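Working notes, structure below.
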Amino acid sequence: MATSLSLQLLLLTLLLLHTSANTPQSTKPITNNPLTDYIKSSCKATRYPAACLQSLLGHATAIRRNELRLVQTALTVSITRTQSCAFFVKTATRQKGVQAREAQAVKDCLDNMDSSIDSLTQSAKELNGLTGRASAQDFAWHMSNVQTWVSAAMTYQSTCLDGFSGPYYRTMNGRFKSAITAKVVNASQVTSNALAFVNRFASKHLTQTP
């Protein structure tokens, strides 16, 4: 059972990474259907429903009204968004005319985004440790770890943003700062939504696990 779930998560991850690499925006469904309705209904319970819909509607077929797949997909999308953000931040350090204080803020942000990626990746691996026959104690332990790692990822993302909001950076190039913060904010919103799905999944299924 564990091997089957591991393979399922691996195939899902590879599919999502391929989709993200070839389509910057999630594919918009032409009409409503039960699969997209499930995504829309689920996203209503998140803190950032617009970001939730934008990031998950294109994966409705892969999720297929399966709550575990929804959590797995949300985490995978969060990883890819954060990776994309980190790459953007890294390229920003190569721009001409970057001041010393800007370069330091960017470096600190990049370090935090890399740590966020590590935490999210660890959370996905931890979720993969679940099996259909997990005891209540094992389930609670794995889900607690997942929640801890995703929360840590959010903290790293928030710390990155803090580096651009202090009084020392108020004179930073506005366009430069806005471009980076927009990317980080989007990644943090997607991660926040992923945590909401993780928390709901844990709360709903803990009492149902033998």
Side-chain angles (χ1 to χ4, degrees), residues 13 16-29 39-40 42-60 70-71 73-121 123-124 149-199:
T13 300
L16 293 175
L17 288 174
H18 175 76
T19 301
S20 299
N22 290 279
T23 54
Q25 299 291 332
S26 296
T27 303
K28 294 182 179 180
I39 302 299
K40 294 176 182 178
S42 298
C43 285
K44 288 181 180 179
T46 65
R47 187 174 182 181
Y48 305 101
C52 180
L53 290 173
Q54 191 277 332
S55 63
L56 294 180
L57 273 180
H59 304 298
L70 174 65
V71 178
T73 303
L75 284 176
T76 302
V77 169
S78 179
I79 292 171
T80 57
R81 287 294 176 91
T82 307
Q83 288 174 330
S84 176
C85 178
F87 178 78
F88 182 85
V89 172
K90 186 175 182 179
T91 59
T93 62
R94 303 170 184 168
Q95 302 300 315
K96 294 182 179 179
V98 177
Q99 302 299 315
R101 64 176 180 273
E102 296 172 340
Q104 184 59 50
V106 171
K107 180 182 181 302
D108 292 343
C109 177
L110 182 59
D111 289 342
N112 280 292
M113 296 309 289
D114 285 342
S115 295
S116 182
I117 293 170
D118 290 341
S119 294
L120 288 169
T121 301
S123 71
W149 286 112
V150 180
S151 295
M154 290 183 62
T155 299
Y156 287 124
Q157 293 168 354
S158 178
T159 302
C160 166
L161 289 175
D162 289 343
F164 295 98
S165 61
Y168 184 69
Y169 299 105
R170 287 177 181 172
T171 58
M172 180 181 293
N173 181 285
R175 183 176 299 177
F176 178 84
K177 181 167 64 174
S178 296
I180 293 178
T181 56
K183 290 283 187 179
V184 180
V185 166
N186 179 259
S188 65
Q189 289 180 351
V190 171
T191 303
S192 172
N193 292 338
L195 180 60
F197 290 137
V198 167
N199 289 340

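Below, all heavy atoms of this structure are taken into account, side chains as well, without hydrogens, waters or symmetry copies. Along the sequence shown, residues carry numbers from 1. All values derive from a computational prediction rather than experimental measurement.
Closest non-hydrogen pair, Ala179 versus Phe88, comes out as O-CE2, 3.6 Å. Scanning both residues, Phe197 and Cys52, for their nearest heavy atoms gives CZ-SG, 3.7 Å. Leu110 approaches Ala86 most closely through the heavy-atom pair CD1-O, 3.4 Å. The minimum heavy-atom distance linking Thr82 with Ser78 is given by the pair OG1-O, 2.7 Å. Nearest heavy atom pair, residue Leu53 against residue Cys43, reads N-SG, 3.6 Å. Between Thr191 and Gln157, the shortest heavy-atom contact is OG1-NE2, 3.1 Å.
Residues Gln189 and Asn193 have side chains that never bring a donor and an acceptor to within less than 3.5 angstrom of each other.
To the nearest 0.5 Å, atoms OH (Tyr156) and CG (Asp114) are separated by 11.0 Å. In this structure, CG in Asn199 is found 7.0 Å from OG in Ser151, a value given to the nearest 0.5 Å. Expressed to the nearest 0.5 Å, how far OG1 of Thr76 lies from NE2 of His59 amounts to 9.0 Å. To the nearest 0.5 Å, atoms CG (Leu70) and OG (Ser42) are separated by 5.0 Å. Here the CG-OG distance, from Asp111 to Ser116, works out to 12.5 Å after rounding to the nearest 0.5 Å. For the atom pair Met113 CE and Thr159 OG1, the distance stands at 10.5 Å (nearest 0.5 Å).
Under the 3.5 Å distance criterion, the side-chain polar atoms of Ser84 are left unmatched by any main-chain donor or acceptor of Arg81. Ser158 places no side-chain N or O within donor-acceptor distance of the main-chain N or O of Thr155, the cut-off being under 3.5 Å.
Scanning for disulfide (SG to SG under 2.5 Å) contacts around Cys85 gives an empty result, with sequence neighbours left out. Residues that satisfy the side-chain contact (heavy atoms from CB on, under 4.5 Å) test with Ala196, not counting sequence neighbours, are Thr46.
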- request: Given side chain to side chain contact (heavy atoms under 4.5 Å, CB included), test Lys183 with Val89 step by step and report yes or no.
  value: CA-CA 9 Å; Lys183 290 283 187 179; Val89 172; 5.9 Å; no

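Counting non-hydrogen atoms of neighbouring residues, nucleotides and ligands closer than 6.0 angstrom, the OH atom of Tyr48 exceeds 12 such neighbours.
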